[in-house]
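Ligands are counted one by one from 1 in listed order, and the atoms in each one are counted from 1 as well.
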Amino acid sequence: MAQNETQTVDVMLVGAGIMSATLAVLLKELDPSLTLEIAELRETGAVESSNPWNNAGTGHAGLCELNYTPDSADGKIDITKALHINTQFEVSKQLWAYLCQKEGFGAPRNFINQVPHISFVRGEKDIDFLKRRYEVLRQHHAFESMVFTEDKETLAKWMPLTMPGRNPDEKVAATYCDNGTDVNFGAITQMMLNYVSTLDGTLVTYNQKVYEIERCAEGWRIGIKHTGTGEHREVKARFVFLGAGGGALPLLQMSDIPESKGFGGFPVSGMWLRCDNPEVVQHHQAKVYSQAEVGAPPMSVPHLDTRVVDGQTSLLFGPFAGFSTKFLRHGSFLDLPLSVRFNNLKPMLAVAKDNMDLTRYLIKEVMQSPEERLQALRKFYPQAKSEDWRLEVAGQRVQIIKKDPKKGGILQFGTELVSSQDGSIAALLGASPGASVAVSVMLNLLERCFNERYQSNEWRSKLAEIFPARESALKEDAELYREISTATSKTLQLI
Ligand SMILES: Cc1cc2nc3c(=O)[nH]c(=O)nc-3n(C[C@H](O)[C@H](O)[C@H](O)COP(=O)(O)OP(=O)(O)OC[C@H]3O[C@@H](n4cnc5c(N)ncnc54)[C@H](O)[C@@H]3O)c2cc1C
């Protein structure tokens, strides 16, 4: 392409992670005539958080994550979040099942595998919580297959590595759901990118750094630099999605939309212990989640996971959190300082002041020695040997800092879709649970930014074909939930 040539597309998606890939697929299914470009900074897609070794690959469905079911002072357990994420994951499965039925898309085994989800706790207080949580959850059809036990023989069957070598007097308990999954989010991202790139009017470009975003008569003018050749080009787009993961905040700030004001980012880095020794790996087939340490952020809940990546099974333990000023794993140490603006200074200072526990926790995590990390692993796997495990760097999570009328600023651990009032630009900020609920988040974006078309008969009937049941229907209708979940699980070869 000649330098300075300006192209025009209907939709520009910045970043080739799971969010942009999902949105591109949905848009092209709903309107095949749309012209669209996905511009990615790196040489391929799914290199940042969506890369299988940068995330834990848990198909979050509220089956094992104890932080999704908060306890209250009166002993009541709130399952709203677990249920919401469960049904959102069902919606993700519906899109993936729909795509897998298309010729040439690829087999479900390439990206999703059935792996039981277990919540494992130690000590009377946590056992009491787990039991009460189980009693509430199992009454809902989304969790009806959940089983609870304190029986050590059953626990040893569920988690053969977890019981041997443990003090026989230690009180332990677990819940077990056999319908959990491990997802290679990098593979499904790449499959969606490959699929959309075969469609007319779609371009997926790599080594493209988006460095400028400005309003223009057509919508938005986007400045792009080729990271290899240094060549600059411009693209004009009616709609822009900033699906740049940790890189979305600086781009949103560049857009200068009023809705971007006050947002800041708090990057948390991570590390895993990884084991590829088949002698060890074969004895653990589950994702085992436990309680987070006091003061630890919710995304630091420790877990021992079966990971299936490119046909190979490994074990992953962690994450061990850390602090880095980079917004992307391949980013710059200047990312955080350069994101400070007059409009987000107050929220950022308020968060720094109010989150000393988190700061202390992160410092402690960063200072951990290899022996201390092994000790943490041994709480799950008492006979773990250091020679079987190696330390690997995980992806960056940029937590959201935003304005708060009372405190000045708050730290938010979920994700947030920020869009302009005219619906011509949107950005996804934040991290967790992220990839598992990408489809619901992108459907939400379509409803917000393409509302007229979203409500049209044409889009509604196509959406109904792809998604036979959405979140609220799945929550309320037990028969419908069972029927649709079973059908999608069959198509995805999970049962
Ligand atoms: C340690 C960890 C564990 C996690 N575990 C889970 C889990 O178990 N289950 C789950 O569901 N989710 C998990 N997540 C969250 C999940 O990985 C993310 O929510 C999801 O991958 C985000 O996808 P994305 O497309 O928004 O961003 P990314 O996958 O990060 O993609 C963003 C892309 O934008 C590109 N980019 C950035 N800036 C620019 C620019 N200026 N120009 C062009 N391109 C740019 C980047 O190179 C990157 O390829 C985890 C995340 C982490 C970090």
Counting from 1, what ligand 1 atoms have a heavy atom of Q208 closer than 4.0 Å?
42 (N), 43 (C)

One finds that the ligand 1 atoms under 4.0 Å from a non-hydrogen atom of G243 are 32 (C), 33 (C), 34 (O)

Below 4.0 Å, non-hydrogen atoms only: which portion of F185 touches ligand 1? Side chain, backbone, both or neither.
side chain

For atom 10 (C) of ligand 1, find the nearest protein heavy atom and state the residue, atom name and distance (0.1 Å precision).
P433 O, 3.0 Å

Any heavy atom of N51 under 4.0 Å from ligand 1? The part involved is neither

Taking T306 for the side chain and A286 for the main chain, is one N or O donor matched with an acceptor at less than 3.5 Å?
yes

Which protein non-hydrogen atom lies closest to atom 53 (C) of ligand 1, naming both residue and atom, and how far is it?
R397 CG, 3.2 Å

So that I can tick it off, tell me whether E214 and R221 are bridged by a salt bridge, with the cut-off set at under 4.0 angstrom between side-chain N and carboxylate O.
yes

With no hydrogens and no angle check, is any side-chain donor or acceptor of S290 less than 3.5 Å from a backbone partner on F120?
yes

Return yes if a side-chain donor-acceptor contact under 3.5 Å exists between T8 and E218, otherwise no.
no

When you measure from the heavy atoms of G57 to every atom of ligand 1, does any distance fall below 4.0 Å?
yes

Are any of the N or O atoms of S20 closer than 3.5 Å to those of ligand 1?
no

Identify, by atom number and element, the atoms of ligand 1 in contact range of R42, meaning under 4.0 Å from any of its heavy atoms.
47 (O)

Selected option - heavy-atom contact closest to atom 3 (C) of ligand 1, from N55, T227, V183
N55

Ligand 1 atoms nearer than 4.0 angstrom to some heavy atom of G245 are 26 (O), 27 (O), 30 (O), 32 (C)

Taking N or O atoms only and a 3.5 Å limit, does A46 qualify as a polar contact for ligand 1?
no

Under a 4.0 Å heavy-atom limit, does P319 contact ligand 1 with its side chain, its backbone, both, or neither?
neither

With no hydrogens and no angle check, is any side-chain donor or acceptor of S255 less than 3.5 Å from a backbone partner on I213?
no

Looking at ligand 1, would Q396 count as a contact under a 4.0 Å heavy-atom criterion?
yes

Just heavy atoms, cut-off under 4.0 Å: does A39 contact ligand 1 by side chain, backbone, both, or neither?
backbone

Quick check on W272 - does any of its heavy atoms sit under 4.0 Å from an atom of ligand 1?
yes

Measure from atom 52 (C) of ligand 1 to every heavy atom in T22, L23, N54 and give the option owning the shortest one.
N54

Which residue and heavy atom of the protein sit nearest atom 7 (C) of ligand 1, plus the separation
H60 NE2, 3.4 Å

Looking only at distances, please establish whether an N/O atom of ligand 1 is found under 3.5 Å from an N/O atom of G395.
no

re atom 45 (C) of ligand 1, the protein heavy-atom contact at minimum distance is L41 CB, 3.6 Å

Can a donor-acceptor pair be found, under 3.5 Å and without considering hydrogens, that links the side chain of H284 to the backbone of L304?
yes

Among all protein heavy atoms in this structure, tell me which lies nearest to atom 29 (O) of ligand 1, with the distance rounded to 0.1 Å.
S50 OG, 2.5 Å

Which atoms of ligand 1 have any heavy atom of V47 under 4.0 Å away?
49 (O)

Answer whether the closest heavy-atom distance between the side chains of V11 and F241 falls below 4.5 Å.
no

Looking at L328, which atoms of ligand 1 are within less than 4.0 Å of one of its heavy atoms?
37 (C), 38 (N)

Indicate yes or no: does an N/O atom of I18 lie under 3.5 Å from an N/O atom of ligand 1?
yes

Among all protein heavy atoms in this structure, tell me which lies nearest to atom 31 (O) of ligand 1, with the distance rounded to 0.1 Å.
G17 CA, 3.5 Å

Once the angle between the rings of Y289 and H303 is folded into 0 to 90°, is it parallel (under 30°), tilted (30 to 60°) or perpendicular (over 60°)?
parallel

Looking just at side-chain N and O atoms, do D388 and Y381 make a donor-acceptor pair shorter than 3.5 Å?
no

Heavy-atom nearest neighbour in the protein, as seen from atom 9 (N) of ligand 1, with distance rounded to 0.1 Å:
T58 O, 2.9 Å

With a 3.5 Å distance limit and no angle check, can you tell me whether D276 reaches the backbone of S314 through a side-chain donor-acceptor pair?
no

Quick check: does any side chain N or O of R109 sit under 3.5 Å from a backbone N or O of Q493, one acting as donor and the other as acceptor?
yes

Short N or O distance, M19 and ligand 1, threshold 3.5 Å exclusive
yes

So Y176 and W158, would you call those rings parallel, tilted or perpendicular, with 30° and 60° as cut-offs?
parallel

Could you tell me the residue and atom name of the protein heavy atom closest to atom 33 (C) of ligand 1, and the distance to it rounded to 0.1 Å?
E40 OE1, 3.5 Å

Got a sec: does the NZ of K261 have more than 12 other heavy atoms crowding it under 6.0 Å?
yes

Using modelled atom types and a 3.5 Å cut-off, is there a donor and acceptor pairing between side-chain atoms of R373 and backbone atoms of L391?
no

For T491 and A487, indicate whether the former's side chain and the latter's backbone hold a donor-acceptor pair under 3.5 Å.
yes

Any carboxylate oxygen within less than 4.0 angstrom of a Lys/Arg side-chain nitrogen, looking at E37 and R233?
yes

G434 heavy atoms, cut-off 4.0 Å: which ligand 1 atoms fall inside?
19 (O)

Atoms in ligand 1 with a heavy atom of G15 nearer than 4.0 Å:
33 (C), 34 (O), 35 (C), 44 (N)

Quick test of your reading of the model: are D256 and R215 salt-bridged, counting only N-O distances below 4.0 Å?
no

